[in-house]
Amino acid sequence: MNPLIEKFNTPYNASPFSKIKNEHYQPAFIKAIELAQQEIDAIVNNTESPSFSNTVEALDFSGELLGRISSIFYNLNHAETSEEIQKIAKEVSPLLSEFGNDVGLNQELFQKIKAVYAVKSEITLTPEQSTLLEKNYKSFIRNGANLNAADKETLRTIDKELSQTSLSFGENLLAATNAYELHITNADDLAGLPDGVIEAAAMTAKEKEKKGWIFNLDYPSYIPFMTYAKSSDLRKEISFAAGSKTNKGDEFDNQKNILRIVELRHQRANLLGYENHSAFVLEEQMATSAQHVVDFLSKLLNKSKPAASKEHQQLANFANKLDGLENLQSYDAGYYTEKLKQELFDLDDEQLKPYFKLDNVINGAFTVANKLYDLNFEEITNIDKYHEDVITYKVTDKSNELVALFYADFHPRPGKQNGAWMTSFNDQFIKDGVNNRPHIVNVCNFTKPTETKPSLLTFGEVTTLFHEFGHALHGMLANTNYPGLSGTNVYRDFVELPSQMLENWCYEKEALELFAFHYETGEVIPLELIQKIKESANFMEATRMLRQISFGMTDMAWHSTNPAAISNVVDFEQKAMGDTKMYPSIEGTCFSTGFSHIFDGGYSSGYYSYKWAEVLDADAFEYFAKNGIFNKEVATKFKEHILSKGGSEHPMELYKKFRGQEPDNDALLRRAGLLEELGVKS
Ligand SMILES: [Zn+2]
């Protein structure tokens, strides 16, 4: 008896956590892979001629059990892990990737899909079906299924070297980061640092059996030091160490790795028929092409640069007034920005926290979802939880129909990863006329209430809750036929729209009045505080924008230039960053050699998507704001064209159906107050 394989027979077909034991996973995975393989074999061995339904559709519906078991297992591995679970993960991961490779390299399967693709203009397909066909066909092509044997071999060789070189990039970065420490023995050098930061540095020193305080290049140590340490010399020292750590010509130097990675990515793209790596990546993004991305970033740069220069001048004047500083340098920016922020806003977390009791914020998110999309959330206790802290809800619509199950897992505990995320235990799809409703999870790490004190959130945590709840709504309201296109199965530069957009409600009086009550007095958050939250959120926005644009442009340059034309990493980077620079460069430092997002992560030709998503959410929210943030008509459009549609059509088409036009870059600048400030007409 293995509860993962049998029919669940639970209310709502919910995952039977109380019955699942660790020893059930591995046999269940093996069985589910077997079943999925049989389903693939059945497609391949079908003697009828290949059609959309017996090939493409059948492939998308295959592996349902495997998907379900994987969701349960990998969610628990993140939210409620143990050594045993991690051991199982190590055992099953190779099985899963082997199965994935077998499907991707299955020539007979590809030939059938290719046959359907070849007649796509002669058969009648819905937009969703066309998208699914395109997606499946492209996925084979992009993995080299259409190459001849020799080219396939070349692709394998490239991929192998690429993964090794990326790995080496990451290892160098980690080793170089760990190799440095700033050892302070004179307490005067700690001036400006908060007590908690000093304590942590003393602990680090103690662990290393040293006297005094140790700071290093890990963010929890480095960022507070750059923000609060009064000593400009020490800030300069540690920031130089950070900026030069993988650029010194020693064993951790990443310059050769970068040149090799961009060369291999270029070759790979050419082999698959693309002009360069950016073209390969962007084909499957909302932005569609490298040129679009570069235009997008350039326009934002041109419009935000004057505001950034103004901010820079304001900061330089402030540093001069405060400490007589003559030439503001990059390593001074964090410190004086923090000081100026304190002077201008005098706003800290402790002032706001009493208004954001966790229970009230959750109810606030539910109320917002109710006012926008008519969703009702009712706590239920008749389904299993994977931990007692989890709260389970039944989500229904206006006519009391089931929309989703929602699991809220909000408090930290050993065995739970840091951070916050949304995921699902069960996907939405429609099969044989039955709409399989999704089971969605939000996992966060908010302070647990005690017997005497409720859980009070910082404002940052409030926006995190709304952000993840925005992803959750994308999952809950999904309404597509095919699981592969459902919910958050969308392009990377589109997936953050529902989440980031919902954060906007946290800044609006009309929304805050629904849930931001003082936990002791019940008083609604004062208007003056709301105003301060808004203004401080926009503080130094143009400067931050320029920084993101700078990284985005550097990423695009690395991946759309022919590597034959690149010889020197530092020179190339300087040119790519071009107009985005606000501070003089510091000889001996290099940004790219530590840019792990693009050289050791999944963000190559994708860094722009952070800004892209912000433009989308600002533009979408502007539409709401103009018509009222709870306007039903706008909300219904958002639900019908975005939240329910998943990846069933190209995101630009979906967006235009919702908004009536393409997103307007200026919306982001307007929201940040950058256009008015400069007197620019928009
Ligand atoms: Zn997100």
Side-chain angles (χ1 to χ4, degrees), residues 71 74-75 78-79 219 284-287 361-362 364-366 368-369 372-373 404 406-410 412 416-425 427-428 438-446 457-478 485-507 511 537 544-545 548 551-552 555 596-598 601-604 606-621 624 638-639 642-647 651 654-655 658 663 667-668 671:
S71 318
Y74 283 101
N75 285 339
H78 291 124
Y219 276 13
E284 300 234 307
Q285 296 299 325
M286 184 177 182
V361 181
I362 297 169
F366 290 168
V368 168
L372 293 172
Y373 311 120
F406 179 55
Y407 296 72
D409 178 3
F410 282 154
K416 192 189 217 182
Q417 257 178 28
N418 289 329
W421 62 92
M422 166 269 185
T423 174
S424 72
F425 285 124
D427 290 332
Q428 181 276 332
H439 303 169
I440 303 295
V441 200
N442 268 174
V443 186
C444 303
N445 278 284
F446 303 136
L457 305 187
T458 63
F459 187 70
E461 289 175 327
V462 175
T463 55
T464 298
L465 191 148
F466 272 71
H467 180 103
E468 297 309 330
F469 190 66
H471 283 307
L473 289 173
H474 201 183
M476 288 185 229
L477 289 166
L485 301 174
S486 178
T488 53
N489 281 316
V490 299
Y491 291 158
R492 179 179 54 201
D493 59 0
F494 189 60
V495 74
E496 296 298 333
L497 167 62
S499 52
Q500 289 184 182
M501 197 189 72
L502 205 68
E503 287 183 41
N504 287 287
W505 272 258
C506 303
Y507 298 86
R544 276 180 285 160
M545 197 175 300
Q548 293 290 312
F551 300 163
D555 170 27
S596 56
H597 266 85
I598 67 164
Y603 270 76
S604 58
Y607 200 88
Y608 76 93
S609 56
Y610 289 107
K611 269 285 106 17
W612 182 272
E614 278 182 51
V615 164
L616 289 185
D617 97 71
D619 185 64
F621 183 68
F624 272 96
F638 196 71
K639 179 166 88 173
I642 308 277
L643 294 175
S644 67
K645 283 290 188 326
L654 293 177
Y655 193 84
F658 153 65
L668 179 60
R671 182 174 65 186

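Both counts, for ligands and for their atoms, begin at 1 and track the order of listing. We count residues from 1, following the sequence as given.
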Assess the side chains of N445 and N418: does a donor N or O sit below 3.5 Å from an acceptor N or O?
no
E496, N/O/S atom nearest the Zn ion (ligand 1)
OE1
Of the backbone and side-chain N, O or S atoms of E468, does one lie nearer to the Zn ion (ligand 1) than 2.8 Å?
no
Checking side-chain polar atoms at under 3.5 Å, does E461 have a donor or acceptor matched by the opposite partner on T464?
no
Just jot down the side-chain contact (heavy atoms from CB on, under 4.5 Å) partners of E503, sequence neighbours excluded, or say none.
T463, H467, Q500
The N/O/S atom of H471 lying closest to the Zn ion (ligand 1) is NE2
Checking side chain to side chain donor-acceptor pair (under 3.5 Å) for the pair S424/H439: CA distance, chi angles, key distance, verdict?
CA-CA 6 Å; S424 72; H439 303 169; over 6 Å; no
